[in-house]
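Beneath this line is the structure, given in structure tokens, with notes to follow.
Worth knowing before you read on, the calculation uses all heavy atoms, side chains too, and leaves out hydrogens, waters and symmetry mates. Every number for a ligand or one of its atoms is a count from 1 in the order of the listing.
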Amino acid sequence: MSLTTVSQLQNLIHNQIGTHFRQPETENIPVAQSVGRVLAQDIVSPINVPNANVSAMDGYALAHHAATGDVLRLVGESAAGHAFSGNVGQGECVRIMTGAVVPEDCVAVVIQENTQTDEQGNIVLTKNVQEKQNIRYAGEEIQANHQVLQKGRILRDADVLLLAALGVGEVVVYRKIRVAVFSTGDELVEPSQPLSGSSQIYDSNRHMLMARLTSLPIDIIDLKRVEDNLESVMRVLNDAAKMADVVITSGGVSVGDYDYLRQAVEQIGHIHHYKVAMKPGKPFVFGQMMQAWYFGLPGNPISGFVGFDMFVKSALWQLCGVVEIPQPLRLQAALSVPVKKSAGRMDIQRAILTRQANGNWTVAPCGSQDSHRILGISRANAYMILPLESENLAIGDVVEVQPFAQAFLD
Ligand code: AMP
Ligand code: MG
């Protein structure tokens with residue numbers, strides 16, 4: 001039987017979650033705290049933006065078009081927050097600042113650089129002035145009652161600017177989802193504790209997972225480490241499934257004598273999927289236990305890291321209520337070294353992406369690609385995504401690359 005491909009598994013997860021989806025409850029939060037949260041309401045602008053006809057520049061507002069050499073009598077001032085309330089007639093003008101309301105009678109603003117002041121304090125034009133010049137009209141950008149943001153959007157920095165500009169001080173977002181995390185392995189020791197023998201190693205995966213979950217709207221339930229025996233795994237999984245929306249585990253999903261996770265999940269719930277045609281990380285368990293979704297990542301640190309990126313992250317966003325899940329940034333780059341690969345699995349290699357002086361991007365694998373190489377993934381700034389059917393590649397071959405967002409400033 002051929003293995004599930006990466007995109008088949010991505011679709012399977014997306015469809016399963018979509019079919020059984022229950023929207024999280026909602027809560028109201030201040031807009032300044034809303035970045036990275038998922039909007040649970042459509043936002044309709046309560047006002048026009050701009051709210052009135054305002055000046056785009058510092059200068060003088062006129063009641064008519066005018067020509068070079070025309071002399072205008074200054075009759076008042078309109079500043080931001082302090083509108084001019086009188087009348088402006090033929091041959092008159094009002095000093096006006098950027099963002100100030102254009103007086104009702106006025107049809108144009110001349111920028112102050114295109115004027116001079118004579119001895120009597122009158123304004124002399126040094127350029128022609130057309131009607132509508134330098135005026136931002138009410139509702140020009142956003143009309144009142146117009147929808148500006150849609151339910152299901154991950155809120156961004158710029159959305160806060162927009163929302164606050166519309167006078168929206170609080171937004172309705174979905175509550176954070178609860179994700180329980182634990183690692184399995186009798187060899188694992190908590191960082192900061194001493195290793196008491198050469199068969200022990202530090203539990204890096206659980207900390208990596210918890211760190212990565214902090215960038216999503218998630219409340220983490222840390223269930224620490226569980227020993228490699230079926231009863232312990234069953235007990236903790238059971239508890240986790242009762243209190244969390246999602247359970248993510250590390251280790252114990254391959255075919256070794258002490259790999260109990262699949263067996264345990266099948267007793268409590270069921271498994272939708274087990275093996276995927278991807279390197280690193282062939283074992284990847286996706287299942288369900290009661291109302292909780294289950295993701296079982298392999299223990300090899302790089303397999304778990306890559307599996308999280310390829311399958312778990314977008315599933316979590318979906319469960320957080322996102323309607324259109326953002327796609328990772330992908331670009332094309334030419335290989336600067338040859339790369340070995342055999343057909344049959346998609347290979348997600350850790351790589352260094354470099355921008356050349358001519359603006360083109362080149363890419364090369366970042367050291368050995370074994371799935372325990374933690375230094376390599378820390379040095380890499382991108383994945384190289386080599387499709388399942390691809391074989392050995394030569395210098396200059398163009399490959400698909402997925403940059404690590406954190407390695408580049410946005
Ligand atoms: P497993 O998937 O449990 O068979 O583990 C595969 C490999 O990953 C073994 O060498 C484990 O010692 C290692 N490993 C498992 N869990 C962790 C973890 N939480 N942190 C670091 N390495 C791990
Ligand atoms: Mg293990």
Does some side-chain heavy atom of F295 sit less than 4.5 Å from a side-chain heavy atom of V285? no
Taking the six-membered ring for Trp, are W361 and F408 parallel (under 30°), tilted (30 to 60°) or perpendicular (over 60°)? perpendicular
Looking only at protein heavy atoms, which one is nearest to atom 4 (O) of ligand 1, and how far off is it? S254 OG, 3.6 Å
Would you please say whether a donor-acceptor pair under 3.5 Å links the side chains of N229 and Y260? no
Can you report which non-hydrogen protein atom sits closest to atom 17 (C) of ligand 1, along with the distance? N205 ND2, 3.4 Å
Hey, is S204 touching ligand 1 through its side chain, its backbone, both or neither, going by heavy atoms under 4.0 Å? both
Quick test: of every protein heavy atom, which one is nearest to atom 12 (O) of ligand 1, and how far off is it to 0.1 Å? E187 OE2, 2.6 Å
Give me the residue, atom name and distance of the protein heavy atom closest to atom 6 (C) of ligand 1. N300 N, 3.7 Å
May I ask you to test the V265-H270 pair for a side-chain heavy-atom distance under 4.5 Å? no
Which residue supplies the protein heavy atom nearest to atom 19 (N) of ligand 1, what is that atom called, and how far is it? D203 OD1, 2.8 Å
Which of the numbered atoms in ligand 1 are below 4.0 angstrom from a heavy atom of S250? 16 (N), 19 (N)
Any idea which atoms of ligand 1 are less than 4.0 Å away from a heavy-atom of G252? 1 (P), 2 (O), 3 (O)
Looking at Y202, which atoms of ligand 1 are within less than 4.0 Å of one of its heavy atoms? 20 (N), 21 (C)
Donor-acceptor side-chain pairing of N114 and T126 below 3.5 angstrom: no
Would you say K176 and I218 make side-chain contact, with heavy atoms under 4.5 Å? no
Can a salt bridge be assigned to the pair R175 and E27 using a cut-off of 4.0 Å between side-chain N and carboxylate O? no
I need the atoms of ligand 1 closer than 4.0 Å to a non-hydrogen atom of S183, numbered in the order shown. 19 (N)
One residue to check: Y258. Relative to ligand 1, which of side chain, backbone, both or neither has a non-hydrogen atom less than 4.0 Å away? neither
Polar side chain donor-acceptor pair, R22 to Q291, under 3.5 angstrom: no
Do we see a donor-acceptor contact under 3.5 Å between the side chains of T249 and Y294? yes
Shortest protein heavy-atom distance from atom 5 (O) of ligand 1, along with the residue and atom involved: G299 CA, 3.6 Å
Report, in ascending order of atom number, the atoms of ligand 1 lying under 4.0 Å from any heavy atom of I201. 12 (O), 21 (C), 22 (N), 23 (C)
Between atom CZ of F404 and atom CD1 of I377, what is the distance when rounded to the nearest 0.5 Å? 5.0 Å
Just heavy atoms, cut-off under 4.0 Å: does H372 contact ligand 1 by side chain, backbone, both, or neither? neither
For R206, is at least one N or O under 3.5 Å away from an N or O on ligand 1? no
Atom 22 (N) of ligand 1: any protein heavy atom closer than 4.0 Å: yes
